[in-house]
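Structure record follows, encoded as structure tokens.
For reference, positions follow the sequence shown, starting with 1.
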Amino acid sequence: MIYRLAFSCEEGDPTFRRVFEADADATFLDLHKAILKSVNYSDDQMTSFFLCNDEWEKGQEVTLVEMDSNFEYDNMVMSETKLSDLIEEQGQRLIYIFDPMFERYFFGSLKEIKPGNMNGVECVESKGKAPKQLKSEDPLAGINSKGGSDDFEIDDEFRDELDLGDIDMEGFQDLSFDDGSMF
């Protein structure tokens with residue numbers, strides 16, 4: 001069987017779309033590599049696929065490398081998992097996380113299943129410009145392009161108003177975690 005999978009993204013170019021044809025026996029690693037090649041991304045991120053329901057809620061994860069599994073789903077690795085192991089019906093939704101730091105992803109769905117065989121995965125349609133692979137900064141989180149946090153500085157106007165004597169310490173002096181009472 002040959003799967004026809006389409007991927008899009010909500011950020012950046014609204015015309016962005018990649019369509020792949022894949023042998024049902026191809027692995028998620030084959031699909032991962034085809035996606036990266038089609039958008040010219042480097043292969044140095046801890047990407048993942050997630051199967052999703054109709055509301056795009058994440059289900060089974062397929063990781064690039066073996067990870068600790070959670071209790072709900074088995075740990076599945078891209079190189080060991082065939083597309084046909086998890087994708088069985090037209091309309092199946094999945095997401096591909098390409099920027100794990102900021103959890104940015106492509107939305108994917110199985111558009112068609114047709115008879116036949118092929119080798120691996122091939123990009124058969126490429127429209128629009130892909131978003132940048134990695135965000136360089138997130139001002140809300142204080143993360144800069146170097147991956148570190150910005151230095152925290154107290155605004156001079158606020159420093160003049162700050163008086164440590166204004167902090168009510170009642171209730172904090174008995175706070176101890178040595179007795180294990182937190183858990």
Side-chain angles (χ1 to χ4, degrees), residues 1-136 138 141 143 147:
M1 303 302 285
I2 296 176
Y3 289 169
R4 187 173 181 87
L5 298 143
F7 288 87
S8 62
C9 190
E10 288 187 334
E11 68 179 81
D13 185 346
T15 66
F16 172 79
R17 177 178 162 94
R18 297 295 185 271
V19 178
F20 300 90
E21 287 196 349
D23 190 273
D25 287 334
T27 65
F28 277 86
L29 183 62
D30 296 328
L31 180 57
H32 157 78
K33 288 179 179 183
I35 291 171
L36 292 180
K37 183 177 177 183
S38 77
V39 292
N40 200 28
Y41 287 174
S42 65
D43 192 6
D44 61 355
Q45 298 300 308
M46 292 300 297
T47 60
S48 290
F49 286 95
F50 282 92
L51 289 153
C52 299
N53 63 19
D54 290 342
E55 285 79 40
W56 294 102
E57 294 170 332
K58 293 179 193 171
Q60 176 67 54
E61 180 179 18
V62 184
T63 58
L64 185 58
V65 296
E66 190 161 345
M67 309 284 275
D68 289 335
S69 64
N70 67 30
F71 300 111
E72 191 172 350
Y73 298 105
D74 291 333
N75 184 26
M76 302 194 91
V77 180
M78 290 182 199
S79 63
E80 299 170 3
T81 309
K82 294 178 184 180
L83 298 175
S84 61
D85 290 345
L86 298 175
I87 301 174
E88 299 170 342
E89 61 186 46
Q90 191 168 319
Q92 172 66 56
R93 292 181 174 188
L94 64 155
I95 59 174
Y96 173 72
I97 297 180
F98 62 87
D99 181 356
M101 178 79 154
F102 294 103
E103 200 162 315
R104 295 167 56 230
Y105 42 83
F106 296 140
F107 293 95
S109 65
L110 179 59
K111 296 298 184 184
E112 183 181 358
I113 301 173
K114 55 187 181 181
N117 293 313
M118 61 180 292
N119 289 325
V121 180
E122 182 182 331
C123 182
V124 295
E125 182 182 319
S126 178
K127 291 183 180 175
K129 183 178 178 185
K132 287 186 178 183
Q133 184 175 12
L134 302 174
K135 277 189 171 184
S136 58
D138 183 355
I143 298 171

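Between the side chain of Arg104 and the main chain of Lys132, a donor-acceptor pair closer than 3.5 Å is present. Looking at Thr63, its side chain does come within 3.5 Å of a backbone N or O of Val65 through a donor-acceptor pair. Side-chain N or O atoms of Arg18 include one that pairs as donor or acceptor with a backbone N or O of Gly128 at under 3.5 Å. Gln90 contributes a side-chain N or O that, together with a main-chain N or O of Lys111, makes up a donor-acceptor pair within less than 3.5 Å. Checked by atom type and distance alone, the side chain of Asp23 pairs as donor or acceptor with a backbone atom of Met118 at under 3.5 Å.
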Checklist entry - Does the side chain to side chain contact (heavy atoms under 4.5 Å, CB included) test come out yes or no for Ser38 and Phe20, once each step is laid out? => result CA-CA 10 Å; Ser38 77; Phe20 300 90; 3.5 Å; yes
Next on the checklist: Before you tell me yes or no, could you show the steps for Leu29 and Val77 under side chain to side chain contact (heavy atoms under 4.5 Å, CB included), namely the whole-Å CA-CA distance, both residues' side-chain angles and the distance that decides it to 0.1 Å?
Outcome noted: CA-CA 8 Å; Leu29 183 62; Val77 180; over 6 Å; no
Next on the checklist: Assess the residue pair Tyr3 and Leu31 against the criterion (side chain to side chain contact (heavy atoms under 4.5 Å, CB included)); give the C-alpha distance rounded to whole Å, side-chain angles, the decisive distance to 0.1 Å, and a yes or no.
Outcome noted: CA-CA 11 Å; Tyr3 289 169; Leu31 180 57; over 6 Å; no
Next on the checklist: Using the rule given for side chain to side chain contact (heavy atoms under 4.5 Å, CB included), can you reason through Leu94 versus Leu5, listing the C-alpha separation, both sets of side-chain angles and the distance that settles it, and then say yes or no?
Outcome noted: CA-CA 10 Å; Leu94 64 155; Leu5 298 143; 4.2 Å; yes
Item to check | ring-ring contact (aromatic ring centres under 6.0 Å, His included) evaluation trace for Tyr96 with Phe49 | outcome: CA-CA 5 Å; Tyr96 173 72; Phe49 286 95; 4.8 Å; yes
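Closest of all the heavy-atom pairs between Asn53 and Glu57 is ND2-OE1, 2.7 Å. Shortest non-hydrogen contact noted between Ser84 and Asp25 is OG-OD1, 3.7 Å. For the pair Ile97 and Glu103, the tightest heavy-atom approach, listed with the atom from each and the gap, is CD1-CG, 3.9 Å. Across all non-hydrogen atoms, the minimal contact from Ala6 to Val19 is CB-CG2, 4.1 Å. Closest approach of Gln133 and Asp44 over heavy atoms only: NE2-OD1, 4.3 Å. Closest non-hydrogen pair, Phe28 versus Lys82, comes out as CE1-O, 3.6 Å.
The structure places OH of Tyr105 at 6.5 Å from CD of Glu10, a figure rounded to the nearest 0.5 Å. Put simply, NZ on Lys58 and CG on Leu51 are 12.5 Å apart, with the number rounded to the nearest 0.5 Å.
Ring pair Trp56/Phe107 is perpendicular by interplanar angle, where above 60° counts as perpendicular and below 30° as parallel.
Salt-bridge check for Asp13 with Lys129: failed, with every basic side-chain N at 4.0 Å or more from each acidic carboxylate O.
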